[in-house]
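Following: one structure in structure tokens, then a few remarks.
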Amino acid sequence: MTTYTFPKDFLWGASTAAYQIEGAIDADGRGPCVWDTFTAAGKIQDGSSAAVACDHYHRWQEDIGLLKDAGFNAYRFSIAWPRILPTGSGAVVEAGLDFYDKLVDGLLAAGIRPMACLYHWDLPQPLEDKGGWQGREVIGPFAEYARIVSARLADRVKDWMMLNEPNVVATHGYGTGEHAPGHKLGEMGMLRALHHQNLAQGAALRAIAAEHSGLTLGTVINLQPCRAEDDRPENVAAAARWDAVWNRVALDGVLRGQIPPLMAEKMKGIVQPGDEEAIRYPIDLLGINYYSRMTMKHEEGHPFDVWWGDAHCDRWTAMAWPVQPDGLYDLLKMFRDDYGNIAVYVAENGAAYDDVVTPDGKVHDAERVAFLRDHVAAVGKAVQEGCNVKGYLCWSLLDNFEWAFGLSKRFGVVRVDYDTLQRIPKDSYHFLSTVAKSGVVEA
Ligand code: BGC
């Protein structure tokens, strides 16, 4: 058993996303987003929708209470673009801003640092109708949205994250069609969506910085160390290609203003003069979402001729994702060594399991406790070795609308009963609470 003690000012908390928890999709003038359309088209596996989800829009005070009772000092939430600008640009709905205003005041009153993310996948449908992330028309509206929201909240919200996981939006939303808006455009669709998000992010960062000082500006990327299934050269090359697409277009875009050399040829027709400077920005903090490594192999017929290889792993979550805490440790060391030890925090980490409520009315989610313990310990080890990690936020506070899986996959440290909307803190909640309050983990 090793004991890891974290710095006093370490951030402990949870992350959520507007679309996954808020519900109230028609309330107070909110406009439709791509996920509403995707859901209406029958694309959600369990036939559920986010119309109510956790009803956080009406139960936010109770949810702040959960964060507070856990002893968390940070909370990352996302702001719903279609609540603020129902058509994506133009008229602003004050009621939308009011909601986040109240939320932020509530968090601050509870001693919790609000970390706002501007885009967690709920693209206003009218902007998708103009081409969405396949084109450049979204860039201006996104920067303007960032300006509007920060004008209202930046006196109290100091931490601003532009995007959440541009790689997932690009690959699943525009490449394979598994996510909204459901396009199956293959590799070029993915690369276009990635590059245009990079550009929108650069524009939004500049729009906020032009009007405010003293903020912590950043973004959130889902990073997964990519390795080959074995040492066959074609598999090693495939893993490198996927690393370029999945990790480096976003990462090296913002941090280095660089298109990964392995993608340069394919992106020639997408990148215009001046883009590299426009996507680069000296962010103050990078949010890393970590779930697992990726083990890849060469296989034709898939984008970039890459497919999943054997992960060589014996622990799996209910998403059929391998449990690999050492991948998080490797990732954090990579930042220390290759990216100048910039400030990072774990903005999401967690697991879905098939939880049950036992006769005592509780959820004894031992697998999730083990998952969290092992990953927090990996962070502790990295911190001990000089990695500049500022915090750990689990995914997620609540069970929620897990995108194409609907309400069927539970990631929360708090269970949500979707019939009564009752919240039940799971064992994993109590575990994280103990870690947050003591700043110590033993693993
Ligand atoms: C996303 C979350 C999602 C979670 C689990 C991340 O990719 O940011 O919205 O629920 O992973 O799939």
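The model shown is predicted, which means the values in this text are computed figures rather than measured ones. Residue numbers start at 1 and run along the sequence shown. Numbering of ligands and ligand atoms starts at 1, following listing order.
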Please output the residues near ligand 1 using a strict heavy-atom distance under 4.0 Å, listed in chain and residue-number order.
Q20, H120, W121, N164, E165, N289, Y291, W321, E348, W395, E402, W403, F411
Any donor-acceptor pair under 3.5 Å from D36 side chain to C33 backbone
yes
Between D55 and G23 (side chain of the first, backbone of the second, donor and acceptor by atom type, cut-off under 3.5 Å), is there such a pair?
no
Could you grab the distance from atom CE of M161 to atom CD of Q201, nearest 0.5 Å is fine?
10.5 Å
Check D399, D355, D427 against R368 for a salt bridge (charged side-chain N to carboxylate O under 4.0 Å, His left out) and give me the one that passes.
D355
Which residues share a side chain to side chain contact (heavy atoms under 4.5 Å, CB included) with A41, sequence neighbours left out:
K43
Residue among H183, H196, H195 satisfying ring pair (Phe, Tyr, Trp, His ring centres under 6.0 Å) with Y174
H183
